[in-house]
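Convention: sequence-line order gives letters A, B, ...; per-chain numbering from 1. Keep in mind the model is a prediction, meaning the values are calculated, not measured.
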Amino acid sequence: MMSQTIQDRRRPAAVQRVNHLSHARLPRWAQPAIAVASIAAGCGIGLAAGWHSKVQWGLLAAMIFVLASFVITTRVEGARQAKDRVATSVIWVSFILAIVPLLSLSWVTISKGIEVLDPYFLTHSMNGVLDAAPGGGLYHALLGTIEQVALAALIAAPIGLLTAIYLVEYGGGTLAKAITFFVDVMTGIPSIVAGLFILATWNLMLGFGPSGFAGSLALAILMMPVVVRSTEEMLKLVPNELREASLALGVPKWRTILKVVLPTAIGGITTGVMLAVARITGETAPVLLLVFGTKLINPNPFEGAQASLPLYVYEQYAVGTDASIARAWAGALVLIAFVMLLNLVARGIARWKAPKTGR
Amino acid sequence: MATTAHSEVPPPKGPAIETTKTKNKVRPGDRVFLGLSRGSGITLLVIMAAIAAFLTYRAALAISKDEGNFFTTFEWNPAGDPPVFGIAVLAFGTVVSSIIAMVIAVPVAVGIALFISHYAPRKLAAPLAYVVDLLAAVPSIIYGLWGAIFLVPYLGGLNKWLDQYMGWTYIFDKSSPGVARNLFTVGILLAIMILPIITNVTREVFLQVPRMHEEAALALGATRWEVIRMSVLPFGRSGIISASMLGLGRALGETMAVAVVLSPSFLISGHLLDPGGGTFAQNIAAKFNEADEFGRDALIASGLVLFVITLLVNGAARMIIARRKEYSGANA
């Protein structure tokens, strides 16, 4: 029906111009018109059929839209243009479909988290707070996470950095190839496997109990390959002329690396390390196995169970009372804010100190 | 010494002789630095080897006492007498939920990547890419929390609908009632989780498509979709595959999101909408607290299987990427 009207209006104009090189095209308002019509149809059918889920209405409307624009475009502009239109619609629809859950996730976390979050929540532990009772806080978890992540970064960053330097500045041999390959493989280690490894060695074999440090070891294993990868990329961006200029002046290689190569790439390296830190901050599985969690403030990461932010979220969710789930959301919000802050600062540094590659 | 011997020689030669002398010996600073950096690299290798070795050792301890068949037993009871445990259910759940995640996530991620690289208005594209980058950093426990509290009730309706209209396909036949804490929901949640990761990698590959290829196609009168089909997708194919493999690696090893959403059971059921099943990582997280030392060894054994699977997947992804590097000499 609709195609008929559009054709009727379009054809005369095309005939008048007598342009054989360009074929008929849909007017600009056709797409929005089809969209409005199909949304109306989708809602109408949804209402008539009594579907409760608005998602079904949306899906139906999207299907009608794709179908309608395909049929109409085929008749007016030809099959190739129609395929193009359909591809465009499908890509738009897939984008919208995907962005909905991601937006919902952010929205829910923020709106639910903000309910409980206040200065008291940030500065108190769960000591003596009953599961079902409101109150309490996550100071112990925040402290634990910061200590564990800092320790992990202290272990992983130097090793990762030096490995990347070896690969870029001294590499090329069989050893370098092997390291590159295994760094790649290591990137894919599931966090729980890293946790199991530390469990098998540190706890089961050496007989240590759960502690923040054990968690840090596992987190360090997860962090190292990320640091190596990003540092490697950054060092490769440093122009060779800089190295050659320094070496030509008789500067030893190690001083060239320390004083010329690293300062040039320092922005990108910092970014890489911070992104790696952000990644391990959210890891729950190894912490669950190795740090155990506690309600009390334990400032010593080397002795006794500690709390940690992601673990706190998990525990509060697992308790399952209204008050504890509210705390879980607040914990999730603090965690996400922490991670996003690290990300934003890291990306800010990357932009601010981007290496001058001459492009 | 050399300079005093040739006192007649003009001074510039002095330093020159000295440098030629020192060139032969390696500076101590260089030696230390090389040693440090090489040592770090070797440390990484040692860690990898140690992971494989220790997991295998503890797993062997556990499996040798396993009274059931480790690969085919539908039970997890290492504390029992005799101890019986097997990974069949876990392997099934891990593979099925990952397959669901991939089936949903890969096409959508490619769509989003195309949207950002080719369809979105210029002003929208850069912030979108940035947001997707940030979303890739959201911790998995938060996806889990959102999935359990928000997605599970929401998917209840979809489950009912699928059961009603698609029930004849067997896999969507919901034979036991209950909330949607099933492998299907896990698959969808995993899909949402790995979407930003796959999108990021794919988008970067799409941006590397040589401009010339696209312009040539456009000049021949191709529509935008034809440009994508003829120049962008063929160029990006291996990139898409390797991105998917990376996403698959994440999906296979995901622990917390699955542990929070799934209500586990040791049954294999082809009915994806029935609650139950389990994955390697989820099982480890769920059983760990109640496990004694032998139980932990049993869990380590299942972790070893997960480790091997992810190694294979990641290795395959790396091989595909490496092959692509050889091809793409044109735009290097």
Applying a strict 4.5 Å limit to non-hydrogen atoms, the region of A:L289 in contact with chain B is both
Counting heavy-atom pairs under 4.5 Å with chain A, the top scorer among B:E226, B:E293, B:H118 is B:E226
Checked B:L114, B:V110, B:D133 vs chain A; the most non-hydrogen pairs under 4.5 Å come from B:D133
Note: B:G111 and A:S94 closest approach over all heavy atoms is CA-OG, 3.7 Å
Cut-off 4.5 Å, heavy atoms of chain A, and the answer for B:N289 is side chain
Whatever's closer than 4.5 Å to a heavy atom in chain A on B:A50 counts as both
Scanning both residues in full, the closest heavy-atom pair of B:T255 with A:S191 reads OG1-OG, 4.5 Å
With chain B, the option among A:M340, A:E169, A:E283 that has the most non-hydrogen atom pairs under 4.5 Å is A:M340
To the nearest 0.5 Å, atom CD1 of B:I51 lies from atom CG of A:L196 at 10.5 Å
Bottom line for B:L304: the part with an atom under 4.5 Å from chain A's heavy atoms is neither
Rounded to the nearest 0.5 angstrom, the CG-CG distance for A:L175 and B:L45 is 6.0 Å
Distance col, row B:R38:CZ vs A:L167:CG, nearest 0.5 angstrom, shows 12.0 Å
Output for pair (B:M48 CE, A:F182 CZ), nearest 0.5 Å, gives 6.0 Å
Closest heavy-atom pair, B:A137 versus A:N343, reported as atoms and distance to 0.1 Å, is CB-ND2, 3.4 Å
Whatever's closer than 4.5 Å to a heavy atom in chain B on A:F181 counts as neither
Looking only at A:P101, A:A98, A:A285, the option with the highest number of non-hydrogen pairs under 4.5 Å against chain B is A:P101
Okay, B:F307 and chain A: the region with an atom under 4.5 Å from a heavy atom over there is both
Notebook entry, point to check: Would a 4.5 Å heavy-atom cut-off, applied to side chains only, mark A:S104 and B:W146 as touching?
Noted result: yes
Honestly, the part of B:S40 sitting under 4.5 Å from a heavy atom of chain A is both
- Task: For the residue pair A:R347 and B:L134, establish whether any side-chain heavy-atom pair is separated by less than 4.5 Å.
- Result: yes
Applying a strict 4.5 Å limit to non-hydrogen atoms, the region of B:R296 in contact with chain A is side chain
On a heavy-atom basis, the closest approach of A:A200 and B:R58 is CB-CG, 3.6 Å
- Message: Please check: side-chain N/O of B:N314 versus main-chain N/O of A:V185, any donor-acceptor pairing under 3.5 Å?
- Response: no
So, the part of A:V228 with a heavy atom under 4.5 Å from chain B: the answer is side chain
Assert top hit (heavy-atom pairs under 4.5 Å, partner chain B, pool A:G188, A:G195, A:P158, A:P252) equals A:P252
### Query
Once the angle between the rings of B:F115 and A:F95 is folded into 0 to 90°, is it parallel (under 30°), tilted (30 to 60°) or perpendicular (over 60°)?
parallel
- Query: Looking at side-chain heavy atoms only, is the closest gap between A:L258 and B:F33 below 4.5 Å?
  - Reply: yes
From CA spacing to verdict: side-chain contact (heavy atoms from CB on, under 4.5 Å), A:L199, B:I300
CA-CA 9 Å; A:L199 181 80; B:I300 288 174; 4.3 Å; yes
Between B:S37 and A:L162, the two heavy atoms sitting closest are CB-O, 3.2 Å
- May I ask you to test the A:I325-B:I149 pair for a side-chain heavy-atom distance under 4.5 Å? yes
Cut-off 4.5 Å, heavy atoms of chain A, and the answer for B:L195 is side chain
Discussion item. Would you say that B:V260 contacts A:Y314 through its side chain, given a criterion of any heavy-atom pair below 4.5 Å between the two side chains?
Written reply: yes
Under 4.5 Å to a heavy atom of chain A? For B:L252 that would be neither
Bottom line for B:I192: the part with an atom under 4.5 Å from chain A's heavy atoms is both
Cut-off 4.5 Å, heavy atoms of chain A, and the answer for B:Y130 is side chain
In terms of heavy-atom contacts, A:I192 and B:A285 come closest through CD1-N, 4.2 Å
Pair count under 4.5 Å, heavy atoms only, with chain A: among B:I112, B:I142, B:V108, B:I47, highest is B:I142
So, the part of B:T223 with a heavy atom under 4.5 Å from chain A: the answer is both
So, the part of A:I198 with a heavy atom under 4.5 Å from chain B: the answer is neither
For this session: Indicate yes or no: at least one non-hydrogen side-chain atom of A:I189 is less than 4.5 angstrom from one of B:T310.
Result: no
Among A:R80, A:M186, A:K253, A:R279, the residue with the most heavy-atom pairs under 4.5 Å to chain B is A:R80
Turns out that what part of B:L55 lies under 4.5 Å from chain A's heavy atoms comes down to side chain
Cut-off 4.5 Å, heavy atoms of chain B, and the answer for A:V183 is side chain
Output for pair (B:L36 CG, A:Y166 OH), nearest 0.5 Å, gives 13.0 Å
- Message: Can you confirm whether B:I141 sits close enough to A:L309 that some side-chain heavy atom of one is under 4.5 Å from a side-chain heavy atom of the other?
- Response: no
Review point. Would the number of heavy atoms belonging to other residues, nucleotides or ligands and lying under 6.0 Å from CG of A:D322 be above 12?
Key: no
Looking only at A:L204, A:L102, A:T201, most heavy-atom pairs under 4.5 Å shared with chain B are made by A:L204
Honestly, the part of A:Y170 sitting under 4.5 Å from a heavy atom of chain B is side chain
> Does B:D30 use its side chain to pair, donor to acceptor, with the backbone of A:W254 at less than 3.5 Å?
Replying inline: yes
Are A:L105 and B:V138 packed together at the side-chain level, in the sense that at least one heavy-atom pair is separated by less than 4.5 angstrom? yes
Rounded to the nearest 0.5 Å, the OG1 atom of A:T88 sits from the OH atom of B:Y119 at a distance of 4.0 Å
Checked A:V90, A:L275, A:T109, A:D184 vs chain B; the most non-hydrogen pairs under 4.5 Å come from A:D184
